[in-house]
K.L.:
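Below: one structure in structure tokens.
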Amino acid sequence: MILSDLLQTPVFSADGERLGRVIDARFVVDGAPGQLLADARLDGFVVSGHSGSSFLGYERNDERSPWLIARFLRWRHRGAFLVRWEDVERLSPTAIKLREGYTRYEPGLAGASGK
């Protein structure tokens with residue numbers, strides 16, 4: 001399965017509640033350095049219940065301009081959250097099911113680093 005296959009995939013809680021759909025993915029570059037870059041690993045997915053489009057980078061806590069676009073995209077993605085890979089119980093081409101007791105993290109990059 002490739003990442004683009006997972007974009008727009010519905011996300012469900014352990015009890016079957018629809019939480020939204022995948023709009024983005026977060027990767028961490030922390031592997032052994034290679035010839036050009038270190039290896040990247042999937043850290044989690046950004047899930048939005050209101051929109052299927054990307055944040056276009058405006059989830060970054062310090063991105064504020066142009067202010068009208070930033071404000072609109074933050075409103076459109078209200079309630080979006082990051083779910084870490086370890087909270088994914090089952091993954092299929094048609095749905096992602098989260099484990100019971102999963103944690104919602106802020107989707108911004110500052111809130112995505114570390115636990």
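Counting from 1, the numbers follow the sequence of the chain as shown. Since we're looking at a predicted model, the values are computed, not measured.
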K.L.:
Please identify each residue that fulfils salt bridge (Lys or Arg N to Asp or Glu O under 4.0 Å) with Arg99, with sequence neighbours left out.
P.N.:
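Scan of Arg99 (salt bridge (Lys or Arg N to Asp or Glu O under 4.0 Å), adjacent residues dropped) gives Asp87.
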K.L.:
Mind checking side-chain contact (heavy atoms from CB on, under 4.5 Å) for Ala25 and listing every partner two or more places apart, or none if nothing turns up?
P.N.:
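With sequence neighbours excluded, Ala25 shows a side-chain contact (heavy atoms from CB on, under 4.5 Å) to Leu3, Phe27, Leu42, Phe45, given in chain and number order.
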K.L.:
Measuring from atom CZ of Arg21 to atom OG1 of Thr9, what distance do you get when rounded to the nearest 0.5 angstrom?
P.N.:
10.5 Å
K.L.:
Is there a path of hydrophobic side-chain contacts, each under 4.5 Å between heavy atoms, that joins Phe81 and Val88?
P.N.:
yes
K.L.:
May I ask you to test the Arg84-Asp43 pair for a side-chain heavy-atom distance under 4.5 Å?
P.N.:
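Of all side-chain heavy-atom pairs linking Asp43 with Arg84, at least one is under 4.5 Å.
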K.L.:
Side-chain heavy atoms nearer than 4.5 Å, only ILVMFWY residues, links allowed to pass through others: does that put Trp85 and Phe12 together?
P.N.:
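No, Trp85 and Phe12 fall in different hydrophobic clusters.
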K.L.:
Quick check on the hydrophobic clustering: are Leu6 and Tyr102 connected, directly or via other members, by side-chain heavy-atom contacts under 4.5 Å?
P.N.:
yes
K.L.:
Of all residues at least two apart in sequence or in a different chain, which pass the side chain to side chain donor-acceptor pair (under 3.5 Å) check with Thr94?
P.N.:
Ser92
K.L.:
How many angstroms lie between CG in Leu91 and CG in Leu98, if you round to the nearest 0.5 Å?
P.N.:
10.5 Å
K.L.:
List for me each residue that meets side chain to side chain donor-acceptor pair (under 3.5 Å) alongside Arg90, sequence neighbours excluded, and say none if there are none.
P.N.:
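Per chain and number, Arg90 pairs via side chain to side chain donor-acceptor pair (under 3.5 Å) with no residue.
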K.L.:
Using the side chain to side chain donor-acceptor pair (under 3.5 Å) criterion, which residues pair with Arg18? Sequence neighbours excluded.
P.N.:
none
K.L.:
Taking side-chain contact (heavy atoms from CB on, under 4.5 Å) as the test, write out the residues that go with Glu17, two or more places apart.
P.N.:
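Residues passing side-chain contact (heavy atoms from CB on, under 4.5 Å) with Glu17: Ser13, Asp15, Leu19.
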